[in-house]
Undergrad: 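Take this structure, written in structure tokens, and hold onto it; I'll ask about it next.
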Amino acid sequence: MTENGCEYRDRVLTMDTMNPNVKRVEYAVRGPIVQRAVQIERELKMGIKKPFTEVIKANIGDCHAMGQKPITFFRQVLALCSYPDLLEDSKFPEDAKSRARRILQACGGGSLGAYSTSQGIEMIRQDIARYIEQRDGGITCDPDNIYLSTGASDAIVTMLKLLVSGEGMSRTGVMISIPQYPLYSAALADLGAVQISYYLDEDNCWSLDISELRHALQEAKKHCSPRALCIINPGNPTGQVQSRQCIEDVIRFAAAEKLFLMADEVYQDNVYADGCKFHSFKKVLFEMGLEYSEKVELASFHSTSKCYMGECGFRGGYMEVVNLDPEVKVQLTKLVSVRLCPPVPGQALLDVVVNPPQPDEPSYDTFIKERTDTLATLAEKASMTQEILNQVPGIKCNPVQGAMYTFPRIHLPPKAILEAKEKGQVPDMFYCMKLLEETGICLVPGSGFGQRDGTYHFRMTILPPKEKLKIVLAKIKEFHQHFMEQYS
């Protein structure tokens, strides 16, 4: 077989010769369901008749794509930074102009189009350090421990690269929660590391049980060298918020077992449930005393993509490292320098996120109203999602305490499981594909995130506008009832 005169077998890069680790990578959030959803959208545009008029992508935490409005002040500053001639325009408030001037002065040649230092613009790292100090009640933060990144994902993968080494029994093992965000399993597969799965307790609102961590670690020691423990708080895809007590227990466990802690805290402003509060791992670590604060190695991650900002496309993020070996830190700085620098517009956005309008500035009232309204609407949608899904026989949904997703358990009849297996599909993939074809709603099967054997779930974002979310939930309810009747 040829293409452009080139014999396939003559190619240097083939499925047989390519990096085998890449073939093991899976990323369910943009997997086969989403690819089919895109095809269906094309079919609808071509006039092909479906039982619905639009595809609703509730598969990914893409806030603005789902209708969340950008924060005015952030976009004003970014507009001014991108096109400085607007600094002469009287329509822009003075506090936005002062932020933009300050950011541009820190950029090479006064332009967002210039490279920055590999670690990120120093002034922005200083602003982030001040923000962390305020968030954590005055605990010191060194700007030199801050690394700006292309969203949090980039920083997470970079840290995993530093951690992974060895072969056979000495190969690095990394503990990740199940269910997990597929970035982790994908990155570990790509790097040839060993994934050590620990299960969250679904019956106890997806809480983390230290005895489960201990069990997973002991089993893993038989075939690899466990080195790191990854925590997502608030949780994705499960939406739980960890208690302070749980965080303390995790830190003690990491200290006792000599594990590097990676704290994914990108949903830190997304906390909705009464009695729940976000506690940063760094704050808890330092409040536990010198025995822990001088010993436990920690990398924590944040992003402009979530919370009330939802600015996914700007790819702004940062990592703070604590207690990192100074020689390793040199290697980290070298590693990030290979990709030159994170996107500078993303860095600029990050600066206004950590340095928003203050009470004496003209943009303050609008900013506070927009932020409050966005988070209040998300809280309302979290409550509504859980309430409606729990009305459906065969669906069990834990409280959405935080983040932007629900991960309900679905009961699938034996006939449906059998048909799925006959088609070579995982049962919850079969369910989600059928849901997409019949309703136009795009969800991700729980198997893409990991789940206990014999259980089935789907992940759904709570981001669609309230009225559209009601429609989505009503369609899921109707579909599930019909599905149960069909396969009972």
Undergrad: Do the numbers put R452 on top of the ring of Y199, so that NZ or CZ is under 6.0 Å from the six-membered ring centre and no more than 45° off the axis?
TA: yes
Undergrad: Do you know which two heavy atoms are closest between L463 and K381, and how far apart they sit?
TA: O-NZ, 2.9 Å
Undergrad: The criterion is side chain to side chain donor-acceptor pair (under 3.5 Å); which residues satisfy it with S211, sequence neighbours excluded?
TA: D209
Undergrad: Where do C307 and L375 come nearest, in terms of heavy atoms and distance?
TA: C-CD2, 4.4 Å
Undergrad: List in chain and number order the residues that pass salt bridge (charged side-chain N to carboxylate O under 4.0 Å, His left out) with D127, two or more places apart in sequence or in another chain; answer none if no residue qualifies.
TA: R102, R130
Undergrad: For residues L443 and A58, report the shortest heavy-atom separation together with the two atoms involved.
TA: CD2-CB, 3.8 Å
Undergrad: Using atom types as modelled and distance alone, determine if a side-chain donor or acceptor of D269 lies under 3.5 Å from a backbone N or O of Y308.
TA: no
Undergrad: List the residues meeting side chain to side chain donor-acceptor pair (under 3.5 Å) with E387, not counting sequence neighbours, and say none if there are none.
TA: none
Undergrad: When you check the gap from the basic side-chain N to the acidic O, do E257 and K221 get nearer than 4.0 Å?
TA: yes
Undergrad: From the options T238, N59, N236, select the one residue that forms a side-chain hydrogen bond (donor to acceptor under 3.5 Å, both in side chains) with R459.
TA: N236
Undergrad: Side chains of residues 285-294: which donor-acceptor partners sit under 3.5 Å, not counting sequence neighbours?
TA:
| residue | atom | partner | partner atom | Å |
| --- | --- | --- | --- | --- |
| E287 | OE1 | R244 | NH1 | 2.7 |
| E287 | OE1 | R244 | NH2 | 3.1 |
| E287 | OE2 | K283 | NZ | 2.8 |
| S293 | OG | G289 | O | 3.2 |

Undergrad: Please list all pairs meeting salt bridge (charged side-chain N to carboxylate O under 4.0 Å, His left out) that have one or both residues in residues 319-333, counting only residues at least two apart or in different chains.
TA: D144-K329, K282-E320
Undergrad: Name the atoms and distances for all side-chain donor-acceptor pairs under 3.5 Å in residues 420-429, with sequence neighbours left out.
TA:
| residue | atom | partner | partner atom | Å |
| --- | --- | --- | --- | --- |
| D428 | OD1 | S447 | OG | 2.7 |
| D428 | OD2 | G446 | N | 3.4 |
| D428 | OD2 | S447 | N | 3.1 |
| D428 | OD2 | Q451 | NE2 | 2.6 |

Undergrad: Does D190 reach the main-chain N or O of A186 with its side chain, forming a donor-acceptor pair under 3.5 Å?
TA: no
Undergrad: With side chain to side chain contact (heavy atoms under 4.5 Å, CB included) as the test, pick out the partner of L188 among I196, L183, I176.
TA: I176
Undergrad: Please tabulate, for side-chain N and O atoms in residues 347-355, each donor-acceptor pair with protein atoms closer than 3.5 Å (sequence neighbours left out).
TA:
| residue | atom | partner | partner atom | Å |
| --- | --- | --- | --- | --- |
| Q347 | OE1 | I121 | N | 2.8 |
| Q347 | NE2 | S116 | OG | 3.0 |
| Q347 | NE2 | P342 | O | 3.1 |

Undergrad: Enumerate the side chain to side chain donor-acceptor pair (under 3.5 Å) contacts for residues 156-171, please, sequence neighbours excluded, ordered by first and then second residue.
TA: S165-R227
Undergrad: Mind checking side-chain contact (heavy atoms from CB on, under 4.5 Å) for T439 and listing every partner two or more places apart, or none if nothing turns up?
TA: L435, I441, K475, F479
Undergrad: When you check the gap from the basic side-chain N to the acidic O, do R339 and D154 get nearer than 4.0 Å?
TA: yes
Undergrad: Would you say the side-chain atoms of S337 pair up with the backbone N or O of L340, donor to acceptor, closer than 3.5 Å?
TA: no
Undergrad: Which residues pass the side-chain contact (heavy atoms from CB on, under 4.5 Å) test with P70, sequence neighbours left out?
TA: H64, R75, E311
Undergrad: Between Q195 and S185 (side chain of the first, backbone of the second, donor and acceptor by atom type, cut-off under 3.5 Å), is there such a pair?
TA: no
Undergrad: Of the non-hydrogen atoms in Q240 and N233, which two are nearest, and what is the gap between them?
TA: O-OD1, 4.1 Å
Undergrad: Which atom names give the shortest non-hydrogen contact between V271 and P234, and what distance separates them?
TA: CG2-CG, 4.1 Å
Undergrad: Pair up each side-chain donor or acceptor in residues 398-412 with any protein partner under 3.5 Å, not counting sequence neighbours, and list the distances.
TA:
| residue | atom | partner | partner atom | Å |
| --- | --- | --- | --- | --- |
| N398 | ND2 | E202 | O | 2.9 |
| Q401 | OE1 | V241 | N | 2.8 |
| Y405 | OH | Y267 | OH | 2.6 |

Undergrad: Among all residues two or more places apart in sequence or in another chain, which pass the ring pair (Phe, Tyr, Trp, His ring centres under 6.0 Å) test with H480?
TA: Y431
